[in-house]
Amino acid sequence: MDEHEGALGGAMASYWMASAPGPARPVLQEDAEADIAVVGGGIAGLCTARELALAGRSVVLVEADRVAAGVTGHTTAKLSAQHGLVYAHLSDAFGADAARDYATAQTEAIEHVRRTAEDLGVDCDLETTASFVYDERDSETESLQREAEAAREAGLDAAFTTETGLPFPVAGAVRVEGQAQFHPRKFLLAVAEDLLARGGRVFEGSRVVDVAAEDGGHRLAVAGGAAIRCREAVIATHYPVVNRARLLSRLKPRRELVVAAPVPADADPGGMYLTTADDTRSVRTAPLPDGRRLLIVTGEAFTPGEPGVGERYRTLAAWTADRFGAKDIAYRWAAQDNGTPDRVPYIGGMPGGDGLYVACGFGGWGMSNGMAAARLITGLATGAPPAWAGLFDPSRLRIMKEAGPIAANQKTVMTHLVGDRLRHAPVASADELDLGQGAVIRVDGRLRAVYRDDAGDLHTRSAACTHMGCVVGFNDAERTWECPCHGSRFGTDGAVLQGPATAPLRDESV
């Protein structure tokens, strides 16, 4: 284990990825045709592709990296309809019907995951448990009580309580019964196998770089030269490569850290927990083969490209040790997702009525929203959308609720697009970089992303993100370049790790 992986103990790797590797899939090298193409191999893409295949459609799914390995492979895998204090917000902002539709969509999605796992006969560590939103501050009990009432009116089995399984006291909590947690990789690898068995085709390492209308359908260009021709297409890439319905200005990226440590079975707090205090803390456990539980703690949210990620990991690990006595970190990783101004994902047909669908903006709740997306998009494609489909319509524009967040997002983009170029770089020279360190440095008047590897060699790329030109920042824990505007991520060699960027950072080595 090198210093990069072992600074906090354990491996810089997702437990889900390490414990369920899965087979490789071929790269798309020749043109393909299908009724529907699905772009993105996470839970939304894979489940949508399978549902469409079940409905009799021919399907091609393309994934830029590995299926169930991106955002989905780095989730905390809570299958819950309780998404923070969302029901009081929805009820107050949009009415009781909106809150009920949201609860129905999430509850049906959870049940559909259960049925799918049973139909596939897959052991994916699916466990039914309660979900909690808690707070230790007395000042927050009123909002928790209000949320419990709103969630109950929306149809959830919810109640306010002061009793939890946490090893520390709380001022109050909203408890929702009948929720679930699972191993997302084990589940989705089985979904992928079933999709293939039903005639679907799955390609990895095949990044879509352009989507164009063609002959009553769409042509999806893939890096390397191949293309997919289809009547309809589903863009399930978290940040869509198609900017319709002003999606670029309506999505805000957020990255969040995860640490995981084995604990005795009797130390399991018995549920899934979330608090917005302490820079957000999310807690659950997963079964380990030796009978112990893996305590999974998430928190320390930040915008991609912000400095000090290593210190954030140490803060999260210290909180985990202090609150649970879990000091032996076995795994640590990071998750990324995008939020929307009104806290409701964009799922459905894009404007234009030409059979182009999108699923994004899950706000950190991709497990239930991903399956909800599969059911909604399949319903639209087959002419039988669920009753709650309208709530998630990507074309909606709630001016009173969205104007402020959209303006804030645009200001952030302009700050990084223009302001970052005017500021002095934090490091004056590459000579100041230690091994494993990177920084944006001004060289001959231009900002360059410079990284010194463990052998002492320098790697120099343009600091301009290839999506829209914002200046990237260095993530010192994961050793990646990240764009603060729209969340694109790049390796130290400039390779695209996460979109919406489709081209690598330009090589500017001397």
Side-chain angles (χ1 to χ4, degrees), residues 38-40 42-48 51 70-72 75-87 89-91 93-94 97-110 112-113 154 184 234-254 256 274 301 335-351 356-381 385-398 401-402 405-406 409 486-487 499-500:
V38 177
V39 184
I43 187 169
L46 281 168
C47 290
T48 299
E51 294 293 319
V71 175
T72 296
T75 177
T76 49
K78 293 180 176 180
L79 270 170
S80 176
Q82 184 187 50
H83 299 170
L85 304 182
V86 70
Y87 292 101
H89 158 72
L90 290 175
S91 184
F94 311 119
D97 288 344
R100 279 192 291 270
D101 282 348
Y102 192 85
T104 300
Q106 308 306 317
T107 300
E108 290 181 356
I110 295 167
H112 202 67
V113 170
V234 180
I235 311 299
T237 53
H238 284 275
Y239 220 111
V241 294
V242 178
N243 184 28
R244 292 192 191 176
R246 299 175 63 191
L247 292 178
L248 286 181
S249 62
R250 300 167 73 194
L251 291 169
K252 184 176 181 179
R254 181 186 71 173
E256 204 163 10
L274 175 71
Q336 184 165 315
D337 205 348
N338 302 299
T340 69
D342 61 8
R343 297 179 62 182
V344 178
Y346 300 129
I347 305 171
M350 288 191 180
L356 194 62
Y357 305 98
V358 68
C360 63
F362 294 160
W365 300 102
M367 296 299 97
S368 59
N369 274 314
M371 182 57 88
R375 301 186 66 245
L376 195 162
I377 292 173
T378 301
L380 290 173
W388 39 263
L391 177 67
F392 299 87
D393 187 354
S395 299
R396 71 184 187 271
L397 187 60
R398 297 165 173 144
K401 298 296 179 183
E402 296 193 48
I406 288 174
N409 286 353
H486 304 109

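Numbers here simply count residues along the sequence, with the first being 1.
- Every side-chain contact (heavy atoms from CB on, under 4.5 Å) that Ala372 has, sequence neighbours left out, goes to Ala109, Trp388.
- Atom CZ of Arg254 and atom CD of Gln336 lie 10.5 Å apart (nearest 0.5 Å).
- Contact of the Arg396 side chain with the Asp342 side chain is registered, since non-hydrogen atoms from C-beta on lie closer than 4.5 Å.
- In this structure, Arg375 contributes its side chain and Met371 its backbone to no donor-acceptor pair below 3.5 Å.
- Ring-plane geometry between Tyr102 and His83 is classed as perpendicular, the angle between the planes exceeding 60 degrees on a 0 to 90 degree scale with a lower cut at 30.
- Among all heavy-atom pairs drawn from Pro351 and Ser395, the shortest one is CG-OG, 3.4 Å.
- Using bins of under 30°, 30° to 60° and over 60° for the plane-to-plane angle, the ring pair His89/Phe94 lands in the perpendicular bin.
- Between Ser368 and Ile110, the shortest heavy-atom contact is CB-CG1, 4.4 Å.
- A 4.5 Å side-chain heavy-atom check between Leu376 and Tyr357 finds every atom pair outside the cut-off.
- Rounded to the nearest 0.5 angstrom, Asn338 CG and Lys252 NZ are separated by 11.0 Å.
- Scanning both residues, Ala359 and Ile377, for their nearest heavy atoms gives CB-CD1, 4.2 Å.
- Taking 4.5 Å as the limit, some side-chain heavy atom of Val344 sits within range of a side-chain heavy atom of Leu90.
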Full working for side chain to side chain contact (heavy atoms under 4.5 Å, CB included) between Thr75 and Asp337: CA-CA 10 Å; Thr75 177; Asp337 205 348; over 6 Å; no

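- Under a 3.5 Å cut-off, the side chain of Thr107 and the backbone N or O of Ala103 do form a donor-acceptor pair.
- In this structure, OH in Tyr87 is found 10.5 Å from CZ in Arg343, a value given to the nearest 0.5 Å.
- Tyr346 and Pro341 get closest at one heavy-atom pair: OH-CD, 3.4 Å.
- Looking at heavy atoms from C-beta onward, Leu251 lies in side-chain contact with Pro240 at the 4.5 angstrom threshold.
- At distances below 3.5 Å, at least one donor-acceptor pair connects side-chain atoms of Thr72 with backbone N or O atoms of Ile43.
- Within the 3.5 Å criterion, the main-chain N or O of Pro394 finds a donor-acceptor partner in the side chain of Arg250.
- Pro184 and Met367 make their closest contact through CB-SD, 4.1 Å (heavy atoms, listed as atom of the first residue, atom of the second, distance).
- Every residue two or more places apart in sequence or in another chain that forms a ring-ring contact (aromatic ring centres under 6.0 Å, His included) with Phe362 is listed here: His238.
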